[in-house]
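Each chain gets a letter, A, B and so on, in the order its sequence line appears, and its residues count up from 1. Everything numeric here is computed off the predicted structure, so don't read it as measured data.
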Number of protein chains: 6
Amino acid sequence: MRNDGRQTNQLRPVTITTGVNKYAEGSVLIEVGDTKVLCTASVEERVPPFMKGQGKGWITAEYAMLPRATHSRNIREAAKGKLTGRTMEIQRLIGRALRSVVNLQALGERTITLDCDVIQADGGTRTTSITGAFIALTLAIQKISEKTQFAKFPITDFLASVSVGVIVEKAMLDLNYDEDSKAKVDMNVVMTGNGKFVEVQGTGEDAPFSREELNQLLALGEEGITELIGKQRDVLGPIANRIGV
Amino acid sequence: MRNDGRQTNQLRPVTITTGVNKYAEGSVLIEVGDTKVLCTASVEERVPPFMKGQGKGWITAEYAMLPRATHSRNIREAAKGKLTGRTMEIQRLIGRALRSVVNLQALGERTITLDCDVIQADGGTRTTSITGAFIALTLAIQKISEKTQFAKFPITDFLASVSVGVIVEKAMLDLNYDEDSKAKVDMNVVMTGNGKFVEVQGTGEDAPFSREELNQLLALGEEGITELIGKQRDVLGPIANRIGV
Amino acid sequence: MRNDGRQTNQLRPVTITTGVNKYAEGSVLIEVGDTKVLCTASVEERVPPFMKGQGKGWITAEYAMLPRATHSRNIREAAKGKLTGRTMEIQRLIGRALRSVVNLQALGERTITLDCDVIQADGGTRTTSITGAFIALTLAIQKISEKTQFAKFPITDFLASVSVGVIVEKAMLDLNYDEDSKAKVDMNVVMTGNGKFVEVQGTGEDAPFSREELNQLLALGEEGITELIGKQRDVLGPIANRIGV
Amino acid sequence: MRNDGRQTNQLRPVTITTGVNKYAEGSVLIEVGDTKVLCTASVEERVPPFMKGQGKGWITAEYAMLPRATHSRNIREAAKGKLTGRTMEIQRLIGRALRSVVNLQALGERTITLDCDVIQADGGTRTTSITGAFIALTLAIQKISEKTQFAKFPITDFLASVSVGVIVEKAMLDLNYDEDSKAKVDMNVVMTGNGKFVEVQGTGEDAPFSREELNQLLALGEEGITELIGKQRDVLGPIANRIGV
Amino acid sequence: MRNDGRQTNQLRPVTITTGVNKYAEGSVLIEVGDTKVLCTASVEERVPPFMKGQGKGWITAEYAMLPRATHSRNIREAAKGKLTGRTMEIQRLIGRALRSVVNLQALGERTITLDCDVIQADGGTRTTSITGAFIALTLAIQKISEKTQFAKFPITDFLASVSVGVIVEKAMLDLNYDEDSKAKVDMNVVMTGNGKFVEVQGTGEDAPFSREELNQLLALGEEGITELIGKQRDVLGPIANRIGV
Amino acid sequence: MRNDGRQTNQLRPVTITTGVNKYAEGSVLIEVGDTKVLCTASVEERVPPFMKGQGKGWITAEYAMLPRATHSRNIREAAKGKLTGRTMEIQRLIGRALRSVVNLQALGERTITLDCDVIQADGGTRTTSITGAFIALTLAIQKISEKTQFAKFPITDFLASVSVGVIVEKAMLDLNYDEDSKAKVDMNVVMTGNGKFVEVQGTGEDAPFSREELNQLLALGEEGITELIGKQRDVLGPIANRIGV
């Protein structure tokens, strides 16, 4: 039995609220248990210098935690004057994952920046950010499509992410903070709607893991992601039908 | 008539929700019209080096805007690697204002940090931060008092803040963003529950203002702050009775 | 009686020396008691990016203290690698105040930077900077006008600034450092030649202040600024007659 | 056929030279094809603040590339004034991976810093760094053991790393730079001497990958790492026998 | 004939004014032609960490130019967020030169910081800084000696500095800015009262120089420094007699 | 007798290996005793902004030490976020010295950056960097000349550098680290093939030095540099004949 009564293959309650910001082209508040992330998608009609003149768009992401998103207060990165390695690693992951399901050619020369700000953290903030940012991104692209006709809707597939881990020899889905601190193996999985992997990041700092454990974790991850994509589909409603078509 | 139909001496709708963060000792989401600020109070049982050994506490504040709190996306200060002058000015103001109603001796050797994160901005973010942070601070001190007996409750008076300004020769209360951009004179007023000023900051960059205009603005500010303190009183309920006693 | 024998409404001795720098388009050493500020105005025939193509000029200011301008030596901001919040606040104030009396349209597409370097500090460095920088600015504009015919002299009015404060229930003009440290209320006032306010910044961190105290302070400030503008007029000589015409 | 004539499951030539630095407690120059990394291990008899008083040691890593390690010159991170996200991600990975095979309790209160400086880069610099740093680390610990008797040799197992990837539907081992740029899927695998995974990081930015592809890549990685550990064993000679005993 | 009518071996007019800052333990305004440097000496009763517990003192220097010390305005190093290489080189030189004539043992565990702020620059700012800082330092040590009895006066010899250079095949003393820009060889010489060299820094970026030219430059430098030390002696009056005794 | 058995006028063994980097246009590993510096020359077909449109090229240098190049590990400048004064001073020296033997007009609008990375340090790293960088630079220019016909080979003369110093009243050539720490006078000399000085930097922080000592040091330096240029000539082979022609 888990500390919050869940089954090993059970996600925490998921709530996704759209339209939470009156300025952003796409916005979502995603809550997975006590983890709450505000995701906004901002569209700019230009691309970064290294992408210029290719006729392609760009997707990038930024991630931050409010200082009191956690048990004890963290010093702001703006006050420190630099991003931590952890933040950089996470925002590179979110951007890379989202780009894997966007047809940048179809998007055209524009940049969409996904800001994932963690309001409250209880484990899984990077995976929750990906799951939420995918919706904010889709909403923003839908909004562009209302003004500009795309030859092809630029989102090629669904995308969601979840954490899995091994706690006392038992593989578990969607770790909360307490579980995460006790996990011997910790893995983040990002998958598409057609069941393929975009990112698999497994770490056994406290104890190396076997091929068998890896397989169990991937299976749990797949199960959780399927469920999350179902929820994304519900939230997006008719827009969901434009994806990958 | 104002662009949102208000009277010149009318505040925008104010909503204050407490307990919005499960970790912070005090937390508030304050909404004034479309301006939304999340204020958390974090208690640490130590003081900064320059305060050590004086038997007194310290109150400090930090302020930030989420990148898409505004019409167009702002670059994060953490990405720039430094705080802007505007941010520093605002967080110094919030801290100074709050300290004016705290008996630091009574608080004892602990630091309370007020984090004011602007989720959405539509004018008046610094004044709204002060009004909200006062409640988060009071809740945090109440929480300390449940474990530690204070000889005297360390909050000496209520404190709230509002913006006022002159638009086309007319003094107005609580400017929204559109009004703020058009104002010739812009003033932020911070007052206590007993009707005294803690901060008066008036700027006439576009047009200097007369003593008479100043008087009108101060009168409007006083009116608005009285109303805001009424709302703070309602939200705090019985805790309100401990203030200044 | 004040610690230096002055009346409550008496300024410290003021000395203004022009032409103290052989390169700057305008330069002034202003001494108010033991506070000494070197103000230089530098003209550049271009405007910052955000002002480009509007046919208007720009006025900006920078402020710094030499490390041993004060009782004990301060670490240089260049060595720390960043400006303090106090410095940013002050330089924003100086720039804003000066812009209020410049017709940027008449100035044309050029930037004037006012550098206010505090050689020795004994209270009132920001207000003294404004009073001195106004003269350096006027001299620089006069110098431009000797080569370029302005349709209208771009300075629209005089501008000076002074500090006022309440010490043991008594309002006083032009606080020196010792007075400033004891003041319960501290206010900086910036006014124009026609008696209007450009900035009013009053802070009662140690004790909130009443409307009546505010009125006394503003009256004292007005008195001091009138006297300072008289001195500016003397120093500028015939150039004074071009202002606001 | 690969661009350098290798089989899909063939490593590039590997050369490991020890004792290349006269000051470092352990040092290695590792060459995998044209990728050359200098790894030094530096021992300090203290631990970072967050580890103090636990009686345990700490292993950390830093990674950098010389400016002309690559086709075109890179700007030094020291000149930019900050580490890139890529560098931070890599040095966090190296440190984490090495710690997984060190008994920090047995090591005692000392820190070993592994510096991995890429002299020349031709793909696989992070995996090569891990494989080389493991030897430098082991040599440094051996050196400590010559002066200080360990109850137990603190290295618990061998550790090596290799990259694998999918190029035009074909899984391949140990990608060089050209292959890496063309790979649709890119994976870094870190394994121990007993065949368990410490890190699995697979990315399909350009094309999501199936479970089957993942399995092929893991099999190739395992094969390569087994061979690399054989080479580590040869280089370490009798010291190899102390590992994991 | 030189551009200002001087002989090749003639210094510009030198004026040294002491006591120009009411807080600093020693202060000097030194003017060499149109070059003006404000030098203050600040005493602290502690030494930097690397000097602790040795019973010895420390002398250090900082150098800066006001933004408009030069023909066109320079960006402040504080605004850039870092010191330039030139500034670091100069302040290292000043500190090193001064330490060569201080008996750090006799000084005891205290630090004296020499701040050299260039008010106006017309060539030779680093050499003028050294010549002026030596006096500020001596005055500060004299001031300490009035409260604390030194077993031995810690200044062991006089110290001054001057620039020399080759312009169109002619060696010249004390270059002004125009001369400096045209010089093929540029040399800074620092010497003691007993005619020995502390620093010789000669640079022939535009044209390498011969042994003979070097000898001429050193002879000129010696001549100029002898004259400067005469002026230092005059300014110091009776304090001069304590030096090197 | 010196600590390594050398005569006072004897260089340490010198080894120069070219072509050590497969990407750089010129590369050299230079070893002088236990000091080892990797020098690469990188060519870019553009010049820095301040050189634009003059039809001339630019030569610049960067210098760094690997963290464990020294007895105890140094913190990376990239981790500190800034270059030390020592590094800036050295890289300015290397660039300046090299430019003195390059005809920038003949080079044309391109930049060559010399990276000098100290792999192992045992005294004389800056002088060794200059001697090695000269060869890397010449090789790079030779490489350019294979594609682009120069009207005149842009290297005008040979250039090498060595350190000299006074240890216990004895002048010595090419100090190693132990000698350098004991030297009372420390001098770096840079000379050209025709026996002229490019840089002479002598420092007597611990004891001022006489004209006679200076002469002895310069003579020793000249002797050492003549020998180093002989070695450069050997390494360059036929390319040597293009220099200064």
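Surrounding CD of B/Glu146 are more than 12 heavy atoms belonging to other residues, nucleotides or ligands, all under 6.0 Å away. Atom CZ of A/Phe150 has more than 12 neighbouring heavy atoms from other residues, nucleotides or ligands inside a 6.0 Å radius.
The two atoms that bring B/Arg68 and A/Tyr23 nearest to each other are NH2-O, 2.9 Å, heavy atoms only. Residues A/Leu83 and B/Ala79 come closest through the heavy atom pair CD2-N, 4.5 Å.
Taken to the nearest 0.5 Å, the CZ atom of A/Arg76 stands 9.0 Å off from the CD atom of B/Glu77. The CG atom of A/Leu66 sits 8.5 Å away from the CG atom of B/Asn21 when rounded to the nearest 0.5 Å.
Contacts between residues 84-97 of chain A and chain B, defined by a heavy-atom separation under 4.5 Å, are made by no residue at all.
Partners of B/Glu227 according to the side chain to side chain contact (heavy atoms under 4.5 Å, CB included) rule, which considers only residues two or more places apart in sequence or in another chain, are B/Leu11, B/Lys231.
If you tally non-hydrogen atom pairs under 4.5 Å between each of A/Val20, A/Val43, A/Leu38, A/Thr113 and chain B, the highest count goes to A/Thr113. Per-residue heavy-atom pair counts under 4.5 Å with chain A were compared for B/Ala24, B/Ala69, B/Ala41, and the maximum is reached by B/Ala24. Among B/Lys82, B/Lys36, B/Glu62, B/Glu44, the residue making the largest number of heavy-atom pairs under 4.5 Å with chain A is B/Glu62.
Neither the backbone nor the side chain of B/Ser72 has a heavy atom closer than 4.5 Å to any heavy atom of chain A. Looking at B/Ile119, the atoms closer than 4.5 Å to chain A (heavy atoms on both sides) sit in the backbone and in the side chain alike. When heavy atoms are compared at a cutoff of 4.5 Å, A/Ser27 does not approach chain B at all. Only the side chain of B/Thr40 has a heavy atom closer than 4.5 Å to any heavy atom of chain A. In this structure, chain A has heavy atoms under 4.5 Å from both the backbone and the side chain of B/Asp122.
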Go through the steps for B/Glu25 and A/Arg73 under the test salt bridge (Lys or Arg N to Asp or Glu O under 4.0 Å), then give the verdict. CA-CA 11 Å; B/Glu25 284 75 15; A/Arg73 186 179 181 274; over 6 Å; no
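B/Gln120 places a side-chain N or O within 3.5 Å of a backbone atom of A/Lys22 that can act as its donor or acceptor partner.
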